[in-house]
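Worksheet: one structure, shown below.
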Amino acid sequence: MKKKVLLMGKSGSGKTSMRSIIFANYIARDTRRLGATIEVEHASVRFLGNLVLNLWDCGGQDSFMENYFTSQRDHIFRNVEVLIYIFDVESRELERDFDYFQSCIDAIKQNSKDAKVFCLVHKMDLVQEDMRDRIFEDRVNQIMSRSHPLQPLCFQTSIWDETLYQAWSSIVYALIPNVKLLEANLDKFCAATDADEIILFEKATFLVISHVSRFGPSVLDSHRFEKISNIIKQFKLSCVKAQAQFSAMEVRHAAFSVYLDTLTANTYMMMIVSDPTIQSRAALANIASARRHFEKLELSNIR
């Protein structure tokens, strides 16, 4: 099952850098050596077994952008599942950026009217902290005014913190078929094992696929999943550099224990348990016993 994903935005907006961090295991400082994208770079990323993200990273130079909307219009914008448009928050050509975005929206409405649209207002780390929300709100208002009847989901992002993982987890979540069925099964597993929270990560990217929690939303850090993704992915990279194999992790705290282990060939499960009577062997045995069920569920979802 292939899903066409367009990655668009002006040259220098950060498209290739974020793609390299999420899908090619780059760390933020290493993206400085990446060059500009010439025309369209294609990359097929296998995600959850048979689900393949067909990424089209479209170079953002003016000459390329003009061709996308004229001679290449049908080729670029046909059969698109997701459009991801990147805005450089420090752009000095903001009006032109929005004109190009408007052209993208018009082409999507004509060729792929059911596509989902995500807009990332990027490089927010360069904006003074007390101004970020106001600037982001202004960009979102302009995006929405040019998108009707489409309803883009907007994020403020930076390659230097967890916001990039939050945005891309939401994008991938939108591409997973029958994700509500997966969540329902995770909820049952959470209740049956007396876990406080269950988080499901994609194995290669460590993006969050799904989660269930017995806590109220006000109790927890709203960015915890993305922070965990970032930390674990960096730890996995350090294991590779040390020629070690990452397979599982256990963290114990006075108030809780965390177990991270393989669930299926394409996913990791993280289980958070605060009940002190639940021993680590029991928690890991519960994950092991669930593997066959979730493997069958995964296969049925992505056929």
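Note that the numbering runs from 1 along the sequence shown for the chain.
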Test log, rule side chain to side chain donor-acceptor pair (under 3.5 Å), inputs E202 and T205: CA-CA 6 Å; E202 198 277 329; T205 62; 2.8 Å; yes

Minimal non-hydrogen separation, R139 against V89, with atom names: NH2-O, 3.2 Å

Should D57 and V40 be marked as a side chain to side chain contact (heavy atoms under 4.5 Å, CB included) after you check the CA-CA gap, both sets of side-chain angles, and the distance that decides it? CA-CA 6 Å; D57 185 353; V40 180; over 6 Å; no

Tell me, with the steps shown, if E81 and D114 meet side chain to side chain contact (heavy atoms under 4.5 Å, CB included). CA-CA 7 Å; E81 293 278 345; D114 294 325; over 6 Å; no

Quick check for you: to the nearest 0.5 Å, what is the distance between I76 atom CD1 and T70 atom OG1? 10.5 Å

Look at atom NZ of K227 and say whether more than 12 heavy atoms of other residues, nucleotides or ligands are closer to it than 6.0 Å. yes

Show, in sequence, the C-alpha distance, side-chain angles and deciding distance for N54 and H42, and conclude whether the side chain to side chain donor-acceptor pair (under 3.5 Å) test is met. CA-CA 7 Å; N54 190 6; H42 299 273; 4.7 Å; no

What are the two closest heavy atoms between S158 and T163, and how far apart are they? N-OG1, 2.9 Å

Restricting to non-hydrogen atoms, name the atom on P149 and the atom on K109 that form the minimum distance, rounded to 0.1 Å. CD-CD, 3.8 Å

Taking the six-membered ring for Trp and the full ring for Phe, Tyr or His, determine whether the centres of F101 and Y85 are under 6.0 Å apart. yes

Within a strict 4.5 Å, meaning less than it, do heavy atoms of the L200 and V208 side chains meet? no

Does F225 have its ring centroid less than 6.0 Å away from the ring centroid of H211? yes

Between atom CD1 of I84 and atom CG of L6, what is the distance when rounded to the nearest 0.5 Å? 8.5 Å

Separation of I287 CD1 from M270 CE (nearest 0.5 Å): 9.5 Å

Short side-chain to backbone donor-acceptor contact, S170 and Q166, under 3.5 Å: yes

Cation over ring, K233 on F206, under 6.0 Å and within 45°? no

Does the side chain of R214 come within less than 4.5 Å of C190's, by heavy atoms? yes

Test side chain to side chain contact (heavy atoms under 4.5 Å, CB included) on R73 and D106; report intermediate values, then the result. CA-CA 10 Å; R73 186 183 183 92; D106 292 343; 4.1 Å; yes

Report yes if the distance between the aromatic ring centroids of Y68 and Y100 is under 6.0 Å, otherwise no. no

Sub-4.5 Å side-chain heavy-atom contact between T157 and W168: no

Dump the intermediate steps for side chain to side chain donor-acceptor pair (under 3.5 Å) on T193 and N286, then the final yes or no. CA-CA 7 Å; T193 58; N286 284 332; 5.1 Å; no

Under 3.5 Å, is there a donor-acceptor pair between the side chain of S145 and the main chain of Q142? yes

With a 4.0 Å cut-off, would you call E137 and R132 a salt bridge? no

Are any of the side-chain heavy atoms of F189 and D187 separated by less than 4.5 Å? no

Looking at K123, I want to see if its NZ is surrounded by more than 12 non-hydrogen atoms of other residues, nucleotides or ligands under 6.0 Å. yes

Tell me if the centroids of the rings in F155 and Y165 come within less than 6.0 Å of each other. no

Locate the shortest heavy-atom distance separating A174 from F118; write the atom from each residue and the value. CB-CZ, 3.8 Å

Contact check, side chains of T264 and T267, non-hydrogen atoms, under 4.5 Å: yes

Assigning hydrophobic clusters by single linkage (Ile, Leu, Val, Met, Phe, Trp, Tyr; side-chain heavy-atom cutoff under 4.5 Å), is F69 placed with V80? yes

Which heavy atom of S238 sits nearest a heavy atom of F235, and at what distance? OG-O, 2.6 Å

Residue pair F294 / N185, side-chain heavy-atom distance below 4.5 Å: yes

Please determine whether side chain to side chain contact (heavy atoms under 4.5 Å, CB included) holds for the pair R96 and K10, giving the CA-CA distance in whole Å, both sets of side-chain angles, and the decisive distance to 0.1 Å. CA-CA 9 Å; R96 178 176 287 187; K10 286 279 290 171; 4.0 Å; yes

Are E295 and R292 within salt-bridge range, i.e. N to O under 4.0 Å? no

Say whether V82 and V179 are linked into one hydrophobic cluster, either directly or through other cluster members, by side-chain heavy-atom distances under 4.5 angstrom. yes

Could you report the tightest heavy-atom contact between S280 and R252, atom names first, then the distance? OG-NH2, 3.3 Å

